[in-house]
> 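Attaching a single structure in C-alpha cells format; questions to follow.
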Amino acid sequence: MRVPDIRKSLKSNSRVAMRILLLGSGGREHALAWKLNQSVWANPLYIAPGNPGTAQYGINVPLDITDFKAISDFCIKEDIEMVVVGPEEPLVNGLYDYFKADKKLKKIYFIGPSRKGAMLEGSKAFAKAFMQRHNIPTAAYKEFTVDNYEEGVTYLKNHALPIVLKADGLAAGKGVAICQNHVEAIAEFELMIQQAKFGEASKKVVVEEFLDGTELSVFVITDGKHYLILPEAKDYKRIGEGDTGLNTGGMGAVSPVPLATPGFMHKVEERIIKPTIQGIEKEKIEYVGFVFFGLISVKGEPYVIEYNCRMGDPETEVVLPRLESDLVGILIAATQKELSETVVRVDKRNAATVMAVSRGYPLGYEKGFTISGLDKKFGKQSLVFQAGTKEEGDKIITCGGRVLCVTSYGSTISDAVSTSLDVLDHIEFEGMYYRTDIGYEFK
Ligand code: AMP
C-alpha cells in the first residue's frame with residue numbers, strides 16, 4: 001500500500017500519531033479497536049462507550065453516542081483528530097452534519113457519511129429510488145403510505161408470492177417481513193402503516209419482489225469518488241442450525257465467500273459498486289466512510305438487497321482480521337481523497353466467526369452471568385471479540401443477547417470454524433448457545 005504522508009494531513013508537522021475516537025460498543029467495535037490499535041498512528045485510541053474487550057486496545061469513555069453535544073465536547077477537550085463511527089444510528093441522525101456545522105469540529109477527520117448519505121440505510125425508499133436513478137440491479141418495488149393505502153392493498157392482492165414488505169426507516173433489523181400468502185401480507189401491511197408497528201419507521205412501506213438466491217455482503221471504503229473493496233463476507237442470521245428459526249443480529253460469518261469468484265466480483269464492481277459511488281458523487285452526497293452492500297446472487301447475477309452506511313456485525317469480525325493493510329492509513333487516505341492511490345492487502349486465509357449468545361435470544365434472555373475462560377491463551381489463530389459484556393468488579397459478565405464471538409483463521413472455512421468451536425469449548429457462561437454449523441454450505 002502507498003502510505004499517505006500522514007504529516008501532510010495533520011495539524012502539527014511534528015506529530016506522527018493521531019488522536020482517534022471510535023464510537024460504539026459491540027463486537028464490530030471490538031474488532032475495529034483491535035485493528036485501529038495495530039496502527040502506529042493510533043495514539044491514543046478512545047472508544048465510546050466501548051466494552052471490556054475494547055478496553056484492551058484503547059481507553060473506554062462513558063459517552064452516550066446519541067448525545068452529540070457530549071461527543072463534541074469530548075472531541076474538543078481531548079483534541080480528537082479522527083472520529084470513526086461504528087453503528088448507523090448517529091449517522092442516520094446527522095452526526096457528520098453536526099460536526100461539519102461547527103467550526104471547532106469541522107477539521108476533524110470524520111469516518112461516516114453525511115445524513116443524506118446515511119439515508120441509503122436509513123430510508124429503504126430513498127435507497128430504492130437511488131438504485132433506480134443509477135440503474136443498479138435490485139428487486140422491483142413500490143412504496144406506500146397511509147395516503148395510497150387502498151392502492152397498496154390492491155397491489156398486494158395481485159402480487160406474486162412470496163411478498164417482501166419493508167418498513168422504510170430503521171427498525172433495529174426487524175422491519176422486513178417475507179410473507180408467504182396474501183392474507184399475511186395484507187395483515188402485515190396494515191400493522192405497519194395503520195398500527196405503526198415500527199412507529200415512524202413504518203409510516204412508509206416498501207413492497208418488493210422476492211429474490212431467490214444466495215446472500216453475501218460486500219464492503220467498500222469510499223472517499224465519495226474513489227473506493228477500495230474490502231474482503232467480502234457471508235453472515236448467518238437465523239438462530240438455529242441449518243438456517244432455521246428466528247432472525248438475529250447475526251450468529252456468525254465467514255470470509256472469503258466461495259461464490260464471490262473473480263467473475264462474480266467483476267459484475268458486482270461494474271454493475272453495483274461503480275454506479276453507487278458515481279451516484280454518490282453525482283448527487284453531491286458527502287460520503288467518507290464504509291458502504292456495506294447486502295447482495296443476493298440470483299443464478300450468478302448480483303442484486304442489491306440493501307445498503308448499510310457502516311460495517312456489519314459480525315461481518316467486521318471476519319473482514320478486518322483479513323485486512324493486512326494499516327486501517328488508519330486507509331482512513332486517512334479516504335479523508336484526503338487519496339483512495340485511488342491506495343491498495344488493500346488481504347490475508348489469503350479463511351476467517352470464520354462464531355457468535356455465542358444468551359439463552360432465549362433473540363427473544364427474552366437474562367443478563368449478568370459471569371463469563372469464564374476469557375483470560376486463557378488461545379493461540380495466534382483465534383481472536384475473541386466481546387459484544388454484550390460488562391465489567392463487574394474483577395469479573396466480566398453478560399449484558400446482551402449477543403455476548404461474544406470467536407474468530408479463527410484456517411486454510412479452509414471448516415478449519416476456521418472448528419478452531420473457533422474448540423476455543424468456545426473453553427469459554428463459559430450460564431445459558432451460552434452458539435451455532436456449530438457456520439459456513440455449513442461451504443464444507
Ligand atoms: P434487509 O433488512 O433489507 O437486509 O432485509 C433483511 C433480510 O430479508 C435480508 O437479509 C434478506 O434475507 C431478506 N430479504 C430482503 N429483501 C429481500 C428480497 N427482495 N428478496 C428476498 N429476500 C429478501
Side-chain angles (χ1 to χ4, degrees), residues 28 87-89 91-92 118-132 136-144 155-156 159-181 184-185 188-189 192 197-199 201-202 204-219 232-240 242-254 257 259-260 268 272 276 290-316 355 362 438 441:
R28 166 182 52 214
E88 63 280 12
E89 207 190 328
L91 296 168
V92 171
M119 279 176 76
L120 286 174
E121 171 163 5
S123 166
K124 305 268 187 205
F126 176 88
K128 295 296 282 191
F130 177 91
M131 287 185 260
Q132 271 200 335
I136 296 163
T138 188
Y141 82 107
K142 257 189 176 312
E143 58 183 75
F144 299 97
Y155 183 76
L156 287 173
H159 200 290
L161 295 173
I163 310 173
V164 183
L165 262 60
K166 298 183 173 183
D168 177 53
L170 293 184
K174 300 197 176 94
V176 175
I178 298 178
C179 305
Q180 302 301 333
N181 63 62
E184 188 192 338
E188 184 66 27
F189 187 66
M192 284 196 190
K197 181 174 179 186
F198 300 107
S202 65
K204 191 183 273 179
V205 169
V206 164
V207 177
E208 70 177 41
E209 164 201 15
F210 178 81
L211 296 176
D212 196 6
T214 311
E215 289 180 55
L216 78 160
S217 308
V218 170
F219 308 89
E232 77 283 355
K234 177 168 179 24
D235 78 331
Y236 293 80
K237 285 244 179 304
R238 301 299 193 97
I239 189 76
D243 290 335
T244 54
L246 293 173
N247 254 326
T248 71
M251 297 299 292
V254 300
V257 184
L259 74 101
V268 170
I272 293 170
T276 299
F290 298 100
V291 187
F292 167 144
F293 299 85
L295 305 180
I296 189 158
S297 165
V298 182
K299 301 193 178 86
E301 305 303 322
Y303 291 81
V304 179
I305 293 268
E306 63 164 345
Y307 288 117
N308 291 322
C309 63
R310 36 80 198 178
M311 290 296 290
D313 193 351
E315 293 93 331
T316 306
M355 186 67 74
I438 298 304
E441 68 278 53

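The figures that follow rest on heavy atoms only: side chains count, while hydrogens, waters and symmetry mates do not. Atoms within a ligand are numbered from 1 in the order they appear, just like the ligands themselves.
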> Give the minimum heavy-atom separation between A171 and F198, together with the two atoms involved.
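Where A171 meets F198 most closely, the heavy atoms are CB-CD2, 3.8 Å.
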> Checking a contact table here: which protein heavy atom is nearest atom 10 (O) of ligand 1, and how many Å away?
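The protein heavy atom lying closest is E215 OE1, 2.9 Å.
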> Could you check whether any heavy atom of N247 sits closer than 4.0 Å to an atom of ligand 1, since that is the contact criterion I want to use?
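Per 4.0 Å heavy-atom rule, N247 does not contact ligand 1.
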> Which ligand 1 atoms, with their elements, are less than 4.0 angstrom from a heavy-atom of K166?
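Counting atoms of ligand 1 from 1, those under 4.0 Å from K166 are 3 (O), 15 (C), 16 (N).
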> What orientation do H159 and Y155 show, parallel under 30°, tilted 30 to 60°, or perpendicular over 60°?
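H159 and Y155: perpendicular rings.
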> Carefully, step by step, assess Y307 and F293 under the rule ring pair (Phe, Tyr, Trp, His ring centres under 6.0 Å).
CA-CA 5 Å; Y307 288 117; F293 299 85; 5.7 Å; yes
> Any idea which protein heavy atom is nearest atom 8 (O) of ligand 1, and the distance to it?
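Of the protein heavy atoms, V176 CG1, 3.6 Å lies nearest.
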> Would K237 count as a contact residue for ligand 1, given that I'm defining contact as a non-hydrogen atom of the residue lying under 4.0 Å from a ligand atom?
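For ligand 1, residue contact (heavy atoms, under 4.0 Å) with K237 is absent.
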> What protein heavy atom lies closest to atom 3 (O) of ligand 1? Include the residue and the distance to one decimal.
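The closest heavy atom on the protein side is K124 NZ, 3.1 Å.
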> What is the closest protein heavy atom to atom 13 (C) of ligand 1, and at what distance does it sit?
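Ranking protein heavy atoms by distance from atom 13 (C) of ligand 1, first comes I178 CD1, 3.7 Å.
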> Atoms of ligand 1 less than 4.0 Å from E208 heavy atoms?
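Near E208, meaning under 4.0 Å from one of its heavy atoms, ligand 1 has 16 (N), 17 (C), 18 (C), 19 (N).
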> E232 side chain to V257 main-chain N or O, any donor-acceptor pair under 3.5 Å?
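Pair found, side chain donor or acceptor close to backbone of V257.
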> Using modelled atom types and a 3.5 Å cut-off, is there a donor and acceptor pairing between side-chain atoms of E306 and backbone atoms of G294?
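Judged by distance alone, no pair lies under 3.5 Å.
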> Which protein heavy atom lies closest to atom 23 (C) of ligand 1, and at what distance to 0.1 Å?
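The protein heavy atom lying closest is I305 CD1, 3.7 Å.
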> Any side-chain to backbone donor/acceptor pair from E121 onto M119? Under 3.5 Å, distance only.
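No: the side chain of E121 does not pair with the backbone of M119.
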> With heavy atoms of E306 as the reference, note each atom of ligand 1 found under 4.0 Å away.
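So the atoms of ligand 1 that pass are 1 (P), 2 (O), 3 (O), 4 (O).
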> Decide yes or no for K234 and E441: does some side-chain heavy atom of the first lie under 4.5 Å from some side-chain heavy atom of the second?
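Yes, close enough: below the 4.5 Å cut-off.
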> Check whether any protein heavy atom sits under 4.0 Å from atom 18 (C) of ligand 1.
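So atom 18 (C) of ligand 1 has protein heavy-atom neighbours under 4.0 Å.
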> Do side-chain atoms of D168 reach the backbone of K124 as a donor and acceptor pair under 3.5 angstrom?
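Yes.
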> State whether the side chain of T316 and the backbone N or O of R28 hold a donor-acceptor pair below 3.5 Å, judged by distance alone.
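Checking the backbone N and O of R28 against the side chain of T316, no donor-acceptor pair under 3.5 Å is found.
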> Any idea which of V164, V298, D235, L211 brings a heavy atom closest to atom 21 (C) of ligand 1?
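The nearest heavy atom belongs to L211.
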> I need the atoms of ligand 1 closer than 4.0 Å to a non-hydrogen atom of F210, numbered in the order shown.
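Near F210, meaning under 4.0 Å from one of its heavy atoms, ligand 1 has 20 (N), 21 (C), 22 (N).
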